[in-house]
Amino acid sequence: MSIRNVILLILGTVGISVLSVIITLRMTQTKTESVAHVAPPAQQQVMPAQLPANAAAPAQLPPNPALNPQKPKPAPVPEAGMSFEAATIPKEFQRGPVEQKPLSADNVINSLMKETPACHDEYKEHCTKNRFLAEHPLACLRSKKDQLSRACFNQLSAVRDRFHQDCGSDIQKFCAGEASYFVCLKKRMSELSPSCKNNIAKSSRP
C-alpha cells in the first residue's frame, strides 16, 4: 500500500470520528433544551367549600328538660301579721252592711284611729275612695305601708303588736287557718278573751 493511501485512510477515519462526536453533542444539547422548555404541571389549589349566602343556619335542637330541670318557684311567704291588716275585701264586706250608714272620714278618724294620729292625713289620701277600706283604716294603711311616713308606720306597727299580744291565744284557738284574723275574730266576739274582745272593739266601727 502506498503512503498516499495510508494518509487518506487515516484522514477518513479521523473525519468520521469527529463527525460522530459533533452529532452526539448536538443531540444531547437538543434533548436538554426540550426538557428545559417543558413547564411543570400547575398545582391545583383546593378551595374550602363555602355555603351560599342565603343558606339557612343549621337547626338547633331544643333543650332537653330532663337534663335541665326547672326548679319550682318557692311559694311566697306571707308577712307576719298581714292576715290582720290585709286589704283584700272579704265577701261579706264587699258592699258593706246595708243596715249601717257609711262612716265619714272624720268619724273614722275620731273612733277608729285614736292610737294612730300620725296617720290621719295619709288615711284621707289613700283610704277614703272605697267603703270597706275607709271603715277599716288599719287594713288599708298596712296595704300602703311603702307610701307611709315613718311616724305613721311606727304607730301602725305598735297597734299590730298589741293586737297579737291581746289576741294571740284566741287566734290559735279559733282562726289559725283563716286569711284574716280580724274578720274571723269579729264573728266570735262572744267567745273571745276579755283582752282580745276589748282590742277588737277599739278597732271596729261603732
Side-chain angles (χ1 to χ4, degrees), residues 65 68-206:
N68 298 306
Q70 294 184 353
K71 296 182 180 180
K73 295 182 180 180
V77 179
E79 180 185 352
M82 278 301 292
S83 56
F84 165 48
E85 299 90 353
T88 303
I89 305 176
K91 292 182 179 180
E92 60 268 31
F93 289 104
Q94 285 182 355
R95 297 185 179 180
V98 294
E99 71 277 4
Q100 292 180 317
K101 294 182 179 181
L103 291 176
S104 66
D106 291 336
N107 288 337
V108 171
I109 289 173
N110 293 331
S111 60
L112 304 179
M113 300 184 65
K114 295 178 180 179
E115 298 180 352
T116 54
C119 299
H120 292 176
D121 291 339
E122 287 152 299
Y123 162 76
K124 291 180 179 179
E125 179 181 356
H126 299 299
C127 306
T128 55
K129 296 180 181 180
N130 177 279
R131 179 177 176 182
F132 172 80
L133 298 179
E135 296 184 1
H136 296 79
L138 301 182
C140 175
L141 290 171
R142 283 291 298 169
S143 71
K144 306 289 185 180
K145 62 180 182 178
D146 294 335
Q147 305 175 42
L148 303 180
S149 64
R150 173 56 58 182
C152 177
F153 182 85
N154 290 340
Q155 290 180 0
L156 284 176
S157 298
V159 170
R160 180 195 59 189
D161 293 341
R162 280 195 295 272
F163 169 75
H164 284 281
Q165 182 179 356
D166 294 340
C167 299
S169 60
D170 298 272
I171 291 172
Q172 293 297 323
K173 184 177 180 180
F174 301 116
C175 307
E178 296 292 331
S180 174
Y181 298 153
F182 188 78
V183 173
C184 174
L185 292 174
K186 283 190 68 174
K187 295 178 182 179
R188 296 176 173 271
M189 285 292 286
S190 61
E191 305 175 68
L192 302 181
S193 62
S195 61
C196 184
K197 187 180 296 185
N198 183 56
N199 188 297
I200 295 293
K202 287 181 180 180
S203 300
S204 301
R205 65 163 290 167

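Residues: numbered from 1 along the sequence shown.
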Quick one: list whatever passes side chain to side chain donor-acceptor pair (under 3.5 Å) with [X], sequence neighbours left out.
X      : value
Glu115 : Arg162
Ser149 : Glu122
Glu191 : Arg188
Gln155 : none

Can you sort out the partners of [X] under side-chain contact (heavy atoms from CB on, under 4.5 Å), two or more places apart, ordered by chain and number?
X      : result
Lys124 : Asp106, Ile109
Ala105 : Tyr123, Thr128
Asn107 : Leu103, Ser104
Gln147 : His126, Lys144

Are the side chains of [X] and [Y] in touch, meaning some heavy atoms are under 4.5 Å apart?
X      : Y      : result
Cys167 : Leu192 : no
Val183 : Glu178 : no
Leu141 : Leu148 : yes
Leu185 : Cys175 : yes

Can you tell me if Asp170 uses its side chain to pair, donor with acceptor, with the backbone of Ser193 under 3.5 Å?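 Yes: the side chain of Asp170 pairs with the backbone of Ser193.
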With a 3.5 Å distance limit and no angle check, can you tell me whether Asn199 reaches the backbone of Ser195 through a side-chain donor-acceptor pair?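 Absent.
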Distance from [X] atom [atom1] to [Y] atom [atom2], nearest 0.5 Å?
X      : Y      : atom1 : atom2 : result
Gln165 : Cys196 : CD    : SG    : 12.0 Å
Lys197 : Lys202 : NZ    : NZ    : 15.0 Å
Cys140 : Asn130 : SG    : CG    : 8.0 Å
Asp161 : Leu156 : CG    : CG    : 11.0 Å
Leu112 : His136 : CG    : NE2   : 8.5 Å

Show the numbers, then the answer: is there a side chain to side chain contact (heavy atoms under 4.5 Å, CB included) between Asn198 and Asp166? CA-CA 9 Å; Asn198 183 56; Asp166 294 340; over 6 Å; no
Kindly give the heavy-atom pair with the smallest separation between Arg142 and Ser157, and that separation in Å.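 Taking every non-hydrogen atom into account, NH1-OG, 4.5 Å.
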Please report the closest heavy-atom contact between Ile200 and Met189, naming both atoms and the distance.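 Looking at all heavy atoms of both residues, the shortest contact is CG2-SD, 3.4 Å.
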Near Asp121 CG, under 6.0 Å, is it more than 12 heavy atoms from other residues, nucleotides or ligands?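 Atom CG in Asp121 is not packed in, count stays at 12 or less.
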Please assess His164 against Tyr181 for the test side chain to side chain contact (heavy atoms under 4.5 Å, CB included), listing each intermediate value before the final yes or no. CA-CA 10 Å; His164 284 281; Tyr181 298 153; 4.2 Å; yes
Under 30°, 30 to 60°, or over 60°: which ring-plane class applies to Phe163 and Phe182, parallel, tilted or perpendicular?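 Ring orientation of Phe163 relative to Phe182: tilted.
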